[in-house]
Protein chains: 2
Amino acid sequence: MKSNITMRDIAERIGVSSVTVSKALNDKEGVSDELKAKIKALAIEMGYRFNAVAKSMKEGLSYNIGIIIPERFSGGNFYLKFYQHITTMLEQYSYYGILQVLSAEDERNLQLPRTYYESKVDGFIILGQISSKYIDLLTDNNIPKVFLDFYTDHSDIDSIITDNFYGVYELTNYLVKEGHKDIAFVGNIHSTSSIQDRFLGYYKSLLEHNLSLNEGYIINDRDEKGTYIDLEIPNPLPSAFVCNCDQVGYNLMNKLRSMGYSVPEDCSVVGFDNDIYSTLTEPQLTTVEVNIEEMSKVAVEFIIEKIKNEHKNSGRVLIKGTIIHRDSVKKI
Amino acid sequence: MKSNITMRDIAERIGVSSVTVSKALNDKEGVSDELKAKIKALAIEMGYRFNAVAKSMKEGLSYNIGIIIPERFSGGNFYLKFYQHITTMLEQYSYYGILQVLSAEDERNLQLPRTYYESKVDGFIILGQISSKYIDLLTDNNIPKVFLDFYTDHSDIDSIITDNFYGVYELTNYLVKEGHKDIAFVGNIHSTSSIQDRFLGYYKSLLEHNLSLNEGYIINDRDEKGTYIDLEIPNPLPSAFVCNCDQVGYNLMNKLRSMGYSVPEDCSVVGFDNDIYSTLTEPQLTTVEVNIEEMSKVAVEFIIEKIKNEHKNSGRVLIKGTIIHRDSVKKI
DNA sequence: CTGAAAGCGCTTACAG
DNA sequence: CTGAAAGCGCTTACAG
């Protein structure tokens with residue numbers, strides 16, 4: 001597929017220089033409209049294809065962005081959706097996305113992606129929480145980067161996250177409005193910043209409604225490695241469960257069913273993410289839809305800015321989600 | 001992140017030419033071991049990063065492969081798994097994969113990917129069936145390509161597919177061995193080559209066991225657009241259903257449950273793919289696991305071969321899957 | 001074992 | 001409005 005036709009070939013056929021062809025094809029000034037049209041027509045006729053590699057070479061930019069997904073998040077298709085929106089947005093800047101799954105091993109051994117060592121990318125979008133040490137590594141190497149769907153205490157790094165805090169806050173408010181007072185939270189609150197913030201949103205709602213936080217109502221859902229564990233259902237049964245994500249909502253529904261409970265008759269359940277798991281339960285889950293498209297758009301804007309201007313700092317951006325009402329909540 | 005350190009910088013520091021540095025860093029002959037070691041050490045010390053773009057430029061190869069997934073298959077994470085294995089395999093050849101979702105619109109309008117027009121890739125792996133006209137377009141443009149997980153009647157194109165035919169053939173044999181005689185097939189047999197072959201494997205098993213093919217036992221599962229439709233369950237109920245994929249097995253199980261039937265007590269169900277849907281049913285589905293890793297490996301080998309030698313033709317390769325026994329089949 | 005020269009296909013800065 | 005020159009960072013083929 002090596003394109004044998006170059007700008008020079010076009011130039012020679014017409015009897016101009018390759019500089020003129022370059023200007024014409026890029027719609028730059030300094031070529032008469034007549035000549036420009038003639039060059040463009042001939043380019044098509046000759047089957048000319050632009051050589052982006054040559055441009056990269058000249059500009060010292062690869063026009064690729066590495067999209068890094070830590071291995072443990074690569075299972076679902078949630079991040080794949082992000083990736084699709086990211087690549088769509090990147091196209092507008094003539095950029096391409098190279099998806100890389102960061103293996104647990106490479107993350108532990110602080111092994112940077114090969115794209116970095118081969119100057120194959122101009123920067124990275126990190127999709128999903130990575131270890132603090134790995135972040136330090138990226139920072140120390142002065143690698144342009146943007147965090148998507150998580151953040152850390154490195155205040156100088158741009159992050160785009162869904163508004164976990166307000167999302168769950170509003171969802172819990174909704175449960176309270178429906179008459180619920182005994183509301184449990186399901187999630188390991190030491191696991192990721194997302195879960196922590198969702199928990200805090202839940203807690204804020206309790207505080208505002210003078211409902212006390214019951215230690216027994218914080219139900220762990222996964223171990224340190226992120227593997228889901230068997231859920232311990234409190235006795236007596238809370239009237240509602242706020243799950244930190246839809247998949248855990250799905251697990252909870254199965255657990256409740258196996259114990260003979262019906263949702264929403266015996267208790268209500270809400271999730272977060274609006275991913276496939278929220279539609280696999282019976283009844284389907286009321287949940288919060290993450291605005292993947294908008295988040296991806298902002299992430300791309302930020303990384304492109306960052307490549308142009310190393311010192312550009314856009315900070316932490318929260319993108320609001322939307323509550324999706326389904327049938328897993330009962331008014332009491 | 002522009003790497004300011006070049007081979008020439010290293011060369012000047014040591015007092016040799018950049019040719020020697022290139023040879024040393026690439027472990028080529030013609031440099032004394034002593035010098036080689038010195039150059040390598042200095043490269044690390046200076047934080048040198050190889051510039052793959054310059055190599056691409058020189059060789060006229062982008063060292064990228066486009067992985068094209070038609071939009072309608074981009075929903076699940078089945079193809080994402082392929083993508084992961086593909087990129088892992090590509091690394092061994094110093095290649096990178098650029099994933100592109102082919103929109104229904106671009107497919108219809110015969111719009112080639114932008115990576116092609118910008119010479120960003122050296123070839124394509126097409127992951128999932130695309131229209132015949134689009135295939136013609138790729139062929140007419142002389143684009144190196146390999147088909148993964150589907151094939152067509154274009155006999156000159158390399159395809160790597162799972163052994164659909166024998167997979168379902170063996171699975172149906174297993175049902176017959178368990179005493180089943182009234183076996184239905186669920187799938188639109190005019191939809192894709194995969195479904196067709198799976199159907200034919202089912203039919204072969206019937207033929208070999210002198211079981212007649214009952215027209216009413218071929219149950220359509222999707223319309224022309226690939227959207228799943230409501231399943232019509234035959235009356236009387238067959239003793240077993242062979243579903244063309246796990247997701248349809250999942251749909252069928254839901255349908256059967258809603259009608260008051262129990263699996264496997266009232267009838268048995270088997271699927272294909274061993275994807276997430278096979279584990280979401282209760283009981284979980286007996287199915288055929290597709291050997292994604294091996295298929296990806298072969299696809300990468302083929303496309304790399306093809307880039308080196310345009311006329312290399314490897315044909316159609318069938319990769320065997322493995323039956324996964326779970327609890328959705330009863331011996332009768 | 002080592003290096004000068006040429007070239008991959010563009011674009012930028014400058015001269016005319 | 002048009003073009004000659006230089007350069008991006010490598011590698012190949014050849015000469016010494």
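Letters A, B, ... are given to chains in the order of the sequence lines, protein chains preceding strands, and every chain is numbered from 1.
Dashed line: the shortest gap from a side-chain N or O of A/Ser22 to OP1 or OP2 of C/dT11 is under 4.0 Å. Between A/Thr6 and C/dG9, a side-chain N or O to OP1/OP2 separation shorter than 4.0 Å is absent. For the pair A/Tyr48 and C/dG9, the criterion of a side-chain N or O lying under 4.0 Å from OP1 or OP2 is not met. Between A/Ser56 and the phosphate of C/dC10, there is no side-chain N or O to OP1/OP2 separation shorter than 4.0 Å. For the pair B/Ser32 and C/dC1, the criterion of a side-chain N or O lying under 4.0 Å from OP1 or OP2 is not met. The phosphate of C/dT11 has OP1 or OP2 within less than 4.0 Å of a side-chain N or O from A/Asn26.
Atom C1' of nucleotide C/dA4 and atom CE of B/Met7 are separated by 17 Å, given to the nearest angstrom. In this structure, CD1 of A/Ile39 is placed 13 Å from P of C/dC10, rounded to the nearest angstrom. Here D/dT11 presents its P atom at 11 Å from CD1 of B/Ile10, a figure rounded to the nearest Å. Atom C1' of nucleotide D/dC10 and atom CD1 of B/Ile5 are separated by 16 Å, given to the nearest angstrom. Atom NZ in A/Lys120 sits roughly 15 Å away from atom C1' in D/dG9 (whole-Å rounding). In this structure, B/Asp27 places its CG atom 13 Å from P of C/dC1, rounding to the nearest Å. As rounded to whole Å, 7 Å separates atom P of D/dC8 from atom CZ of B/Arg8. We find that OH of A/Tyr63 is positioned 15 Å from P of C/dC10, with the value rounded to whole Å.
Classification of B/Lys133 and B/Asp140 as a salt-bridged pair fails, no side-chain N sitting under 4.0 Å from a carboxylate O.
Of all nucleotides listed (C/dG3, D/dG3, D/dG9), D/dG3 comes nearest to the side chain of A/Thr20. Closest approach to the B/Lys58 side chain among D/dT2, C/dG9, D/dG9 is made by D/dG9 (side chain taken as heavy atoms from C-beta onward). Residue B/Ser17 places its side chain closer to C/dA4 than to any other of D/dT12, C/dA4, C/dG9.
Contact annotation: side chain of A/Lys23 to base of D/dG3, donor-acceptor pair present below 3.5 Å.
Contact annotation for B/Lys36: no contact, since no heavy-atom pair falls under 4.0 Å across all strands. Residue B/Val16 is in sugar-phosphate contact alone, with no base atom involved, counting any heavy-atom pair closer than 4.0 Å across all strands shown. At a threshold of 4.0 angstrom between heavy atoms, the contacts of B/Met57 include nucleobase atoms, whether or not backbone atoms are also involved.
In this structure, OG in B/Ser62 is found 6.0 Å from NZ in A/Lys120, a value given to the nearest 0.5 Å. For the atom pair CD (A/Gln92) and CD (A/Glu301), the distance works out to 9.0 Å, reported to the nearest 0.5 Å.
Checking B/Asp149 against B/Tyr79 by side-chain atom types alone, a donor-acceptor pair falls below 3.5 Å. For the 3.5 Å distance criterion, the side chains of B/Glu118 and A/Tyr96 qualify, holding a donor opposite an acceptor. No side-chain donor from either of B/Ser314 and B/Glu305 sits under 3.5 Å from a side-chain acceptor of the other.
When Watson-Crick and G-U wobble pairs are counted only if both distances are under 3.5 Å, D/dA13 pairs with no nucleotide at all. Shown here, D/dA4 forms no base pair; nothing in the strands shown gives a Watson-Crick or G-U wobble contact with both key distances under 3.5 Å.
Positionally, the nearest nucleotide of DNA chain D for B/Ala54 lies more toward the 5' end than for the other of B/Ala54 and B/Val19. In terms of position along DNA chain C, the nucleotide closest to B/Val31 lies nearer the 5' end than the nucleotide closest to the other residue of the pair A/Lys28 and B/Val31.
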